[in-house]
Amino acid sequence: MQSSLEQDIILTAESFTKNFSDKGNFDFSVDSLRNVDDILEELGGFELDDNILDSVSSMAGCYIFEVARRNYGGKYYWLQEREQPVLVTGEPEFSISIMAFEKVRSRIQNGKEDEIPYYFDGYIQAIEKGKETGYCATIV
C-alpha cells in the first residue's frame with residue numbers, strides 16, 4: 001500500500017509529464033532527465049519569485065524522484081526540518097538518499113554547475129558502491 005506522500009509524489013510527477021509533454025519524452029527513464037535539465041536551464045534565464053521557484057522545484061523534483069524510485073527502488077520520507085521529501089534507496093543493506101527539490105532549485109539558480117544528469121549519475125554510482133560495500137550517503 002502506498003503512503004500518501006508517495007501518492008502525492010507520483011501524481012505530481014505524472015502531472016509534470018503531461019504539463020511538459022511538448023518539451024520532450026518524459027517516460028521516467030534516466031535519459032529523460034536531460035529534458036528536465038533543458039527546461040531548468042531555460043527557466044534559469046527568468047526572474048522567478050519564491051512561489052514559482054517552489055512550485056517548479058516540487059514538480060520537477062517529484063519527476064526526478066520517480067525516475068529514481070522506478071529505476072532503483074526506494075522509499076519516501078518527509079524531512080520536517082527541511083519541509084521536503086527525501087528518497088532513500090537500498091535499505092537495509094545500504095542507504096543512498098536524494099533530495100531532489102533542493103537540486104532543482106540549485107539548478108535554476110546556479111546554472112550548469114548543478115546539472116541534473118551529473119547529479120543523477122552520482123546517485124547511480126553511490127547505489128553501485130552501496131551494493132558492493134554497504135555504503136551510506138546523501139547525494140546533494
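Throughout, residue positions are numbered sequentially from 1 according to the sequence presented.
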Could you check whether atom [atom1] of [X] has more than 12 heavy atoms from other residues, nucleotides or ligands sitting under 6.0 Å from it?
{"X": "E81", "atom1": "CD", "result": "yes"}
{"X": "E83", "atom1": "CD", "result": "no"}
{"X": "Y118", "atom1": "OH", "result": "no"}

Sorted by chain and number, sequence neighbours left out, ring-ring contact (aromatic ring centres under 6.0 Å, His included) with Y72 holds for Y123
What is the distance from atom [atom1] of [X] to atom [atom2] of [Y], rounded to the nearest 0.5 Å?
{"X": "M99", "Y": "I64", "atom1": "CE", "atom2": "CD1", "result": "13.5 Å"}
{"X": "I39", "Y": "L43", "atom1": "CD1", "atom2": "CG", "result": "7.5 Å"}
{"X": "E102", "Y": "L79", "atom1": "CD", "atom2": "CG", "result": "8.5 Å"}
{"X": "F101", "Y": "S57", "atom1": "CZ", "atom2": "OG", "result": "8.0 Å"}
{"X": "L11", "Y": "S4", "atom1": "CG", "atom2": "OG", "result": "11.0 Å"}
{"X": "D22", "Y": "K18", "atom1": "CG", "atom2": "NZ", "result": "14.5 Å"}

Show your working on side-chain contact (heavy atoms from CB on, under 4.5 Å) between K23 and N35 and close with a plain yes or no. CA-CA 7 Å; K23 299 286 187 183; N35 296 328; 5.9 Å; no
Can you list everything that forms a side-chain contact (heavy atoms from CB on, under 4.5 Å) with L5? Sequence neighbours excluded, please. S3, I9, Y76, W78, P85
Taking only residues two or more places apart in sequence or in another chain, which ones pass side-chain contact (heavy atoms from CB on, under 4.5 Å) with S106? N110, D114
Which atoms form the tightest heavy-atom contact between [X] and [Y], and what is the distance?
{"X": "A13", "Y": "C62", "value": "CB-O, 3.6 Å"}
{"X": "S97", "Y": "V88", "value": "OG-CG2, 3.5 Å"}
{"X": "A100", "Y": "G61", "value": "CB-O, 3.5 Å"}
{"X": "L87", "Y": "G74", "value": "CD1-C, 3.7 Å"}
{"X": "G73", "Y": "T89", "value": "O-OG1, 3.0 Å"}

Under the ring pair (Phe, Tyr, Trp, His ring centres under 6.0 Å) definition, can you give me all pairs with a residue in residues 42-63, not counting sequence neighbours? F16-Y63, F26-Y63, F28-Y63
Going through the checks in order, is the side-chain contact (heavy atoms from CB on, under 4.5 Å) test met by K75 and E6? CA-CA 8 Å; K75 184 173 179 182; E6 184 175 327; 5.8 Å; no
Same hydrophobic cluster for [X] and [Y], using side-chain heavy-atom links shorter than 4.5 Å among ILVMFWY?
{"X": "L48", "Y": "V36", "result": "yes"}
{"X": "V86", "Y": "I10", "result": "no"}
{"X": "V140", "Y": "L33", "result": "no"}

Please answer whether the main-chain N or O of D38 pairs with a side-chain N or O of R34 as donor and acceptor at a distance below 3.5 Å. no
Within a strict 4.5 Å, meaning less than it, do heavy atoms of the [X] and [Y] side chains meet?
{"X": "E41", "Y": "E115", "result": "no"}
{"X": "V104", "Y": "L53", "result": "no"}
{"X": "Y119", "Y": "I98", "result": "yes"}
{"X": "I139", "Y": "I96", "result": "yes"}

Apply side chain to side chain donor-acceptor pair (under 3.5 Å) to the pair D31 and S29, showing each step before the final yes or no. CA-CA 5 Å; D31 288 342; S29 68; 5.3 Å; no
For E113 and K103, what are the C-alpha separation, side-chain angles and deciding distance, and is it a salt bridge (charged side-chain N to carboxylate O under 4.0 Å, His left out)? CA-CA 11 Å; E113 72 185 57; K103 181 48 77 174; over 6 Å; no
Identify, with sequence neighbours excluded, every residue that meets side-chain hydrogen bond (donor to acceptor under 3.5 Å, both in side chains) alongside S55. none
Give the intermediate values and the outcome of side-chain contact (heavy atoms from CB on, under 4.5 Å) for residues L40 and V56. CA-CA 9 Å; L40 301 178; V56 171; 4.1 Å; yes
Dump the intermediate steps for side-chain contact (heavy atoms from CB on, under 4.5 Å) on D50 and R105, then the final yes or no. CA-CA 10 Å; D50 279 339; R105 181 180 276 270; 3.9 Å; yes
May I have all residue pairs that pass side-chain hydrogen bond (donor to acceptor under 3.5 Å, both in side chains) and include part of residues 126-140, sequence neighbours excluded? none
